[in-house]
Amino acid sequence: MKLKDAFFPWFGLDIGGTLVKLVYFEPKDITAEEEEEEVESLKSIRKYLTSNVAYGSTGIRDVHLELKDLTLCGRKGNLHFIRFPTHDMPAFIQMGRDKNFSSLHTVFCATGGGAYKFEQDFLTIGDLQLCKLDELDCLIKGILYIDSVGFNGRSQCYYFENPADCEKCQKLPFDLKNPYPLLLVNIGSGVSILAVYSKDNYKRVTGTSLGGGTFFGLCCLLTGCTTFEEALEMASRGDSTKVDKLVRDIYGGDYERFGLPGWAVASSFGNMMSKEKREAVSKEDLARATLITITNNIGSIARMCALNENINQVVFVGNFLRINTIAMRLLAYALDYWSKGQLKALFSEHEVSGVISCDMLTFIKGMLFTLC
Amino acid sequence: MVAEARRLGWSVASPSFSLSARDPHAPGQAWPRCKRWDGLCDSPRRGSVAPPPVFGSPWNQGLGWGASREVGSALSPNLQSARPGGACQRAGMGSSVSGSSSSLGETCQNGALLDVGLEDGGSLTKLAYYSTVQHKVAKVRSFDHSGKDTEQDHEPPYEISVQEEVTARLHFVKFENTYIEACLDFIKDHLVNTETKVIQATGGGAYKFKDLIEEKLQLKVDKEDVMTCLIKGCNFVLKNIPHEAFVYQKDSDPEFRFQTNHPNIFPYLLVNIGSGVSIVKVETEDRFEWIGGSSIGGGTFWGLGALLTKTKKFDELLQLASRGQHTNVDMLVQDIYGGAHETLGLSGNLIASSFGKSATADQEFSKEDMAKSLLHMISNDIGQLACLYARLHCLDRVYFGGFFIRGHPVTMRTITYSINFFSKGEVQALFLRHEGYLGAIGAFLKGAEQDNPNQYSWGENYAGSSGLMSSSPELCPTQRARSGTFDLLEMDRLERPLVNLPLLLDPSSYVPDTVDLTDDALARKYWLTCFEEALDGVVKRAVASQPGSVDAAERAEKFRQKYWNKLQTLRHQPFAYGTLTVRSLLDTREHCLNEFNFPDPYSKVKQKDNGVALKCFQRVVSALDALDWEERQLALVKGLLAGNVFDWGAKAVSDVLESDPQFGFEEAKKKLQDNSGVDVILGVFPFVRELLSRGTEVILACNSGPALNDVTYSESLIVAERIAAMDPVIHSALREERLLLVQTGSSSPCLDLSRLDKGLAVLVRERGADLVVIEGMGRAVHTNYHAALCCESLKLAVIKNSWLAERLGGQLFSVIFKYEVPAE
């Protein structure tokens, strides 16, 4: 089935471990004829999705990510990005039932683990048949697609110059004209690392369970925060060196025998072995340390994979990096430093009203582009 | 007791018979005269695959199963008649602590060393010091005789004198940092070398306690690089301590599987998990490279764990973790995929996101569950990184150390799991028994760098070392309480290098021991009981061996207690000293005897028996010479075995002897219907003589030190000298160096062919030895039964233990005669 043959609305769902990413294509070139044919429920859905930025208590439309005047399968329209926590999935299915989605004769393309987990619920409760798509296929296709269309006329791929320097650090566009081979590091709740050799040739290299879910989960336990945004906000104000034991804390400076700089973290949370220091740290410090720990570790594993696979460009994507400049800059710096400049960390991100985000790819991957 | 030990036994490691060009006789006459021997032992021709072990079969023609078992009636040697010997008192140079389980009575020599762990090591201080231990040992010395002595019936063949011998010993003690002052006092009190100006210290505590140490000891603290020390120590233990490394196997009993020492330990990866993680590639003795690390390590577990659970101690955190259920906190694959993971071929239990379920405000998580999740997260992460580094550097052995691992089955389990998972079984996670001492050992060696380490070998002293896990709270809380803060390791220095027998077919796969008692619970139970039951006899003989000593009974009692306790430890923790074997049980007993100054309880017995046997030598040899060739070969081999039967060490024989004091070797000879005599003089020497007279060169190797009643190298020299005085064949062979007497480097009733005296190995190579004869239960059955050599070999023994005989499918006093030809 081709997308253009499908009835509106066009939806894509990526149901991850923590977040559900919903992509909605809003046609802007609807003919009068089409409009007339539209059933009432479809109109109400379009109106509901496009006129709101929040749905229920947890659903959010990322207005800044919206791709305008996009041509997709011969149709012109806007692409909307909506997210909500995976634990609200039952409510979403219930809403689909209430709004009578099944009367639309549309196809719900879905990817992510939740496509499997909730398939039966969609069918029995919402009377909806999911079209399940392979997550990694979607991810690769999503990336290549988004890179080809660009972001509202600008380049998709960026890298950081002088990532360690607050003043001089700047994001520069990177032309991914020779995309292969590339190492794709998808940081969601957990982390998947893929080596991509061509559009159709890729393999999953490894993964780690220390991902965005770990950062958020630990932050909830350590600081009592309730949202990812809150955790990041706390982290931005904290000082991880109060929590972590640095090389210089042990050796008084650089550990020259091994060429380790004094500022390097020797032991994440290492200072927390001491009762006095535990009492002296703030929640913000803890949030920051958690962020640094998880990010450094991902960088380290990614670097080792790149070396083992002999790949020198590494693209980091995933929801963990959404509004997460600290992590992106750290990844950029760590990769550059430890590889002595041999590896380049790339981010597929775009900037809207000062907010950096790079999660669009994870969104778009839900958009079933296997059909295109 | 156990079967090893022939009185007078020739501790033959490898008398080798060089053939080929060196044999002046016609080739058809030379050793592998397979035609002859085929008939006897059913062995294949040269070049074909070695036959399965031939149990008893050589005796089919006359000495069937158990034929030699009638051995038994009259022997006179009255154990009690052993002549007064010198009281052997151990005298540590400073104070003497006879028999205290801690060895703190020794003396620190120059180069005491502190490894004061602080943030690492969970605040344990490790003290390494070198001491000299003075033993009184029985030395044999030839009389200045003119050949007439043999005529005098009551004259012993040689003199035994008690001499002082000084051996070097390395001690490693660890205790908690709270006892550091007591530790420093101890050093101060025992540091005899007043020239010492410097004490080497390593570990984080070297910084923190620097002032205290310098003030207390009036010595300058020399801080040694932690990692350099660690690696030096690691190389040392991997080379010198058998069964140092082990793999951890969950759900198997026991969980530890020890590795035999690989002749080439390099290159390897060392992953040290202290507060953080260091990954080091070790390429040679002196070359290593830090190739990576991670900040997520033991400190993360401890620090983050303390924050999450409000539990302060590392050990307590581990205990929490061992009770927790991580699936309540972690997001698993099945949590994301529902039940569909099965159809997708995914393992539902894999962790997709560590702490992924805790991202919620409205749920409480138990301390146990969080600790468990944290443990998994950290172990998996370290394992994954280790595998990535191992792969990048093409290494498949990864040793893990650091306080995160140290003696904790919980972390060894999770790390092993992680390595297996991420490497798909291609990388092996290995752990070290003495991991906690690496830094101390390394720094100590660094302090003693002027010594050339290649001149020495080291051996673990089982008597003075506490075993693996002996202080682990999880396994044995009571023992921890009893052992207090001490945990000991002692290494004895042998002033000679030990190397592989050059004739081993594959040194890297050679395993000396025939049965792994850690594995074989039935055999373990039997042997432990056997050694327990034999203990009374050993104590009795030890006392009897030193009739002139006032405290012999007291020391023997202490020996009993010590060895009994070791046996009890081994019952509960068979893995305490590496793979448990009959050899290690025997060696432990020897070490314990030495510890209480019974270095050679059999010296007098051996002296007496050798005297008797020497008198018979000429008669035996002329009787043999009168036989035709084939009969003579059979008689010679029977002679070898008859001597072997007559063995104070084997409990079965010992029982016969004790119930029938008249039983003697005359009877043994009768029962074997031939003229064989006591092992080395009437068994081995006639056999050697036969070979010599055929033009074969012979290297006769005997134990360097005493073990049970085995003949020692120094005794063999005198015996050979005395025989040479009577026998022209032996005489000329010794003079022309066609018969060479050497030492094996061993002081055990068993034999480890991977730790032989270098002099023997050199000789074997130079002379092109192409036949190895190994005799006796200890050397040919308990060990080396399966040893594959790249030349012909003959392993022979009489089974003097009915349980073992039964197990092997024979009867008591059956014969093992195993002639093997290497496959080409």
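The chains referred to below are lettered A, B, ... by the order of the sequence lines, with proteins before strands, and numbering in each begins at 1.
Heavy atoms closer than 4.5 Å to chain A are found nowhere in S373(B), neither backbone nor side chain. For chain B, no part of K277(A) is nearby; none of its heavy atoms comes within less than 4.5 Å. Interface residue M331(B): only side-chain heavy atoms are found under 4.5 Å from chain A. No part of F314(B) comes within reach of chain A, as not one of its non-hydrogen atoms sits under 4.5 angstrom from that chain. At a 4.5 Å heavy-atom cutoff, the contact between M370(B) and chain A is made by side-chain atoms alone. For chain A, no part of F301(B) is nearby; none of its heavy atoms comes within less than 4.5 Å. If you measure heavy-atom distances from L385(B) to chain A, the contacts under 4.5 Å come from the side chain alone. Only the side chain of E309(A) comes within less than 4.5 Å of a heavy atom in chain B; its backbone stays farther off. Both the backbone and the side chain of N308(A) come within contact range of chain B, with heavy atoms under 4.5 Å apart.
Of all the listed residues (G270(A), G114(A), S189(A)), the one sharing the greatest number of non-hydrogen pairs under 4.5 Å with chain B is S189(A). With chain A as partner, the option from A352(B), G293(B), G356(B), G292(B) having the largest number of non-hydrogen pairs under 4.5 angstrom is A352(B). The most heavy-atom pairs under 4.5 Å with chain A, out of L304(B), I351(B), V280(B), come from L304(B). Options A266(A), G212(A), G211(A), C219(A) differ in how many heavy-atom pairs under 4.5 Å they form with chain B, and the most are formed by A266(A). Counting heavy-atom pairs closer than 4.5 Å to chain B, the top-ranked of the candidates V265(A), L222(A), N297(A) is N297(A). Considering only heavy-atom pairs separated by less than 4.5 Å from chain B, the leading option among T206(A), T18(A), I15(A), V191(A) is T206(A). Of the listed residues (Q334(B), K312(B), K357(B)), the greatest number of heavy-atom pairs within a distance under 4.5 Å of chain A belongs to K312(B). With chain A as the partner, the residue from S278(B), S294(B), G299(B), G338(B) showing the most heavy-atom pairs under 4.5 Å is G299(B). Between chain B and the options T208(A), I301(A), T293(A), heavy-atom pairs under 4.5 Å are most frequent for I301(A). Residue with the most contacts toward chain B among L260(A), V247(A), N271(A): L260(A) (heavy-atom pairs, distance under 4.5 Å).
Relative orientation of the Y337(B) and Y116(A) rings is tilted, given thresholds of 30° and 60° on the angle between their planes. Under the 30°/60° scheme for interplanar angles, the aromatic rings of F215(A) and F320(A) are found to stand perpendicular.
Here L392(B) contributes atom CG and I291(B) contributes atom CD1; the two are 7.5 Å apart, rounded to the nearest 0.5 Å. Residue N328(B) holds its CG atom at 9.5 Å from CG of L332(B), rounded to the nearest 0.5 Å. In this structure, CH2 in W302(B) is found 13.5 Å from CG in L374(B), a value given to the nearest 0.5 Å. Going from atom CG of L123(A) over to atom CG of L128(A) covers 8.5 Å, rounded to the nearest 0.5 Å.
Other residues, nucleotides and ligands place more than 12 heavy atoms under 6.0 Å from the OH atom of Y337(A).
Using a distance-only test at 3.5 Å, with no hydrogens or angles considered, a donor-acceptor pair links the side chain of D285(A) to the main chain of S282(A).
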Derivation of the ring pair (Phe, Tyr, Trp, His ring centres under 6.0 Å) call for W263(A) and Y255(A): CA-CA 10 Å; W263(A) 51 259; Y255(A) 187 23; over 10 Å; no

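A salt bridge is absent between K367(B) and E316(B): the closest approach of a Lys/Arg side-chain nitrogen to an acidic carboxylate oxygen does not fall below 4.0 angstrom.
Aromatic rings of H376(B) and F355(B) (six-membered ring for Trp) have centroids beyond the 6.0 Å cut-off, not under it.
Closest non-hydrogen pair, A287(A) versus M234(A), comes out as CB-CB, 3.9 Å.
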